[in-house]
Amino acid sequence: MPDFSTTIKVTETARRNGRLSGGERFVPDETPVAFSYAGSTHAVMMATPADLEDFAVGFSLTEGIVSDPSEIEAVEIVAEDKGIDLQIGLADAQSAALTARRRHMAGPVGCGLCGIESIDEAVRVTPSVRSSSLTLSEDEVVEAVRLLNGQQPLHMTTRAVHGAGFYVPGKGLVAVREDVGRHNALDKLVGAARRAGHAGAAGAVVVTSRVSVEMVQKTAIIGSPFVIAISAPTALAIRTAQEAGMTLIALVRGDEFEIFTGAERVVSDAGRRLGSG
């Protein structure tokens, strides 16, 4: 596997204690990463060049190209002059389905969303996680974020990337991934967790970013009933989480947090489910 640098040392002029002085610091690298299937590029993301096999698997899962990592036969990481090409080999059925999907999406030049005829079609259907019986205590919610804050080496070096972790009660964080893009960090986490055999329904997704609708959708696609965030959610993310039966917890600061949906899955320290009256 090619070895890519995730940080670069740069010179800077900083104001400290009322004075300007020269210095150096590390910043994260960012490069175009292409996802190619059957020799054709499907998408290009600007990303941190790390955990690329996890990225390939996670992106393929959250985009609905595959439903299980076993449907990916190979991932080849190819270094190009100006970026990285992830050449992803699919099983025959998934390759045929993707070809048909591309054919459906082909449309006239200049359209907004080719192959899409209505707003309803443009908004992806989010799988339901309402049947999940997983609960977390208040202390476990706080612990999940505390653990994530301590397991982000790239962020500790650069202070410029997002983190995503998968928290399993009784085990802690079983996987953590980082990236300059919050969606990328989550895709890498999905790939890492699924490749390691962790079922989405067994734990909670924990992120350092705000919660957008895409973060809720990606969490639901892997079957997790929890998304826990340090920052705030959008209104659409809240509506989508509610419709999917997901517990959305955000603005976790120390031992304080806010539950926007699914409060009944959070058990108080006294053993009472919140939102149960």
Side-chain angles (χ1 to χ4, degrees), residues 1-8 27-106 114-115 124 151-155 157-158 161-166 174-200 205 214-215 217-219 221-223:
M1 182 186 302
D3 186 22
F4 301 104
S5 174
T6 58
T7 61
I8 296 175
V27 296
D29 200 4
E30 184 178 25
T31 191
V33 176
F35 297 84
S36 297
Y37 301 88
S40 178
T41 298
H42 180 80
V44 179
M45 309 294 288
M46 297 302 299
T48 302
D51 303 306
L52 294 170
E53 287 191 19
D54 292 336
F55 199 12
V57 173
F59 178 87
S60 299
L61 285 166
T62 63
E63 288 299 308
I65 295 169
V66 300
S67 59
D68 189 86
S70 63
E71 296 168 352
I72 296 176
E73 296 185 338
V75 176
E76 183 179 2
I77 301 170
V78 180
E80 305 284 357
D81 290 341
K82 296 182 179 181
I84 299 168
D85 188 11
L86 301 182
Q87 298 182 3
I88 304 164
L90 301 177
D92 289 345
Q94 285 67 42
S95 183
L98 181 59
T99 298
R101 175 173 161 181
R102 285 174 173 159
R103 194 175 296 122
H104 174 70
M105 292 296 288
C114 297
R124 190 187 343 183
Q151 296 186 35
Q152 298 176 74
L154 186 57
H155 182 68
T157 299
T158 65
V161 299
H162 290 292
F166 191 66
V174 297
V176 176
R177 290 295 182 266
E178 299 179 274
D179 197 275
V180 290
R182 54 196 171 88
H183 300 109
N184 299 342
L186 183 48
D187 279 340
K188 289 179 178 181
L189 174 72
V190 168
R194 289 295 298 273
R195 291 176 72 200
H198 299 296
V205 168
E214 296 94 340
M215 306 294 272
Q217 290 170 333
K218 290 175 186 290
T219 298
I221 284 170
I222 64 166

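One distance of note links NE2 of His183 with CE of Met45; it measures 7.5 Å at 0.5 Å rounding. Atom CD1 in Ile221 sits 11.0 Å away from atom CD in Glu214 (nearest 0.5 Å). Atoms CZ and CD, on Phe35 and Glu63 in that order, are 9.0 Å from each other to the nearest 0.5 Å. Taking CD of Glu76 as the start and CG of Leu52 as the end, the distance is 13.0 Å to the nearest 0.5 Å. With rounding to the nearest 0.5 angstrom, the NZ atom of Lys218 is 11.5 Å from the CG atom of Leu189. Interatomic distance, OG of Ser95 versus CD1 of Ile65, reported as 10.5 Å (0.5 Å rounding).
For the residue pair Tyr37/Ser60, the side-chain donor-acceptor check at 3.5 Å is satisfied. Side-chain contact, Thr62 with Asp187: a donor N or O sits under 3.5 Å from an acceptor N or O.
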### Message
Between Met46 and Val180, does the side-chain contact (heavy atoms from CB on, under 4.5 Å) criterion hold? Intermediate values first, please.
### Response
CA-CA 8 Å; Met46 297 302 299; Val180 290; 5.8 Å; no

### Task
Output, in order, the C-alpha distance, side-chain angles, deciding distance and verdict of side chain to side chain donor-acceptor pair (under 3.5 Å) for Asp85 and Ser36.
CA-CA 7 Å; Asp85 188 11; Ser36 297; 2.7 Å; yes

### Task
Kindly indicate, with the supporting measurements, whether the criterion side-chain contact (heavy atoms from CB on, under 4.5 Å) is fulfilled by Ile72 and Ile88.
CA-CA 7 Å; Ile72 296 176; Ile88 304 164; 3.8 Å; yes

### side-chain contact (heavy atoms from CB on, under 4.5 Å) evaluation trace for Leu186 with Met215
CA-CA 8 Å; Leu186 183 48; Met215 306 294 272; 3.9 Å; yes

### Query
When you look at Leu86 and Phe59, which way does the side-chain contact (heavy atoms from CB on, under 4.5 Å) test go after all the steps?
CA-CA 11 Å; Leu86 301 182; Phe59 178 87; over 6 Å; no

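Of the options Val161, Leu154, Val27, Asp29, a side chain to side chain contact (heavy atoms under 4.5 Å, CB included) to Thr7 is made by Leu154 and by none of the others.
In this structure, Gly83 and Thr31 approach most closely via the heavy-atom pair CA-OG1, 3.6 Å. Heavy-atom minimum distance, Val44 versus Pro32: CG1-CB, 4.0 Å. Across all their heavy atoms, Thr6 and Ala50 have their closest contact at CG2-CB, 3.6 Å.
Note on Lys188 versus Glu178: no salt bridge recorded, every NZ/NE/NH1/NH2 to OD/OE distance being 4.0 Å or above. Using a 4.0 Å cut-off between charged nitrogen and carboxylate oxygen, Asp54 and Arg194 do not count as a salt-bridge pair.
Judged by distance alone, with hydrogens and angles left aside, the side-chain atoms of Asp179 form a donor-acceptor pair with the main-chain N or O of Thr48 at under 3.5 Å.
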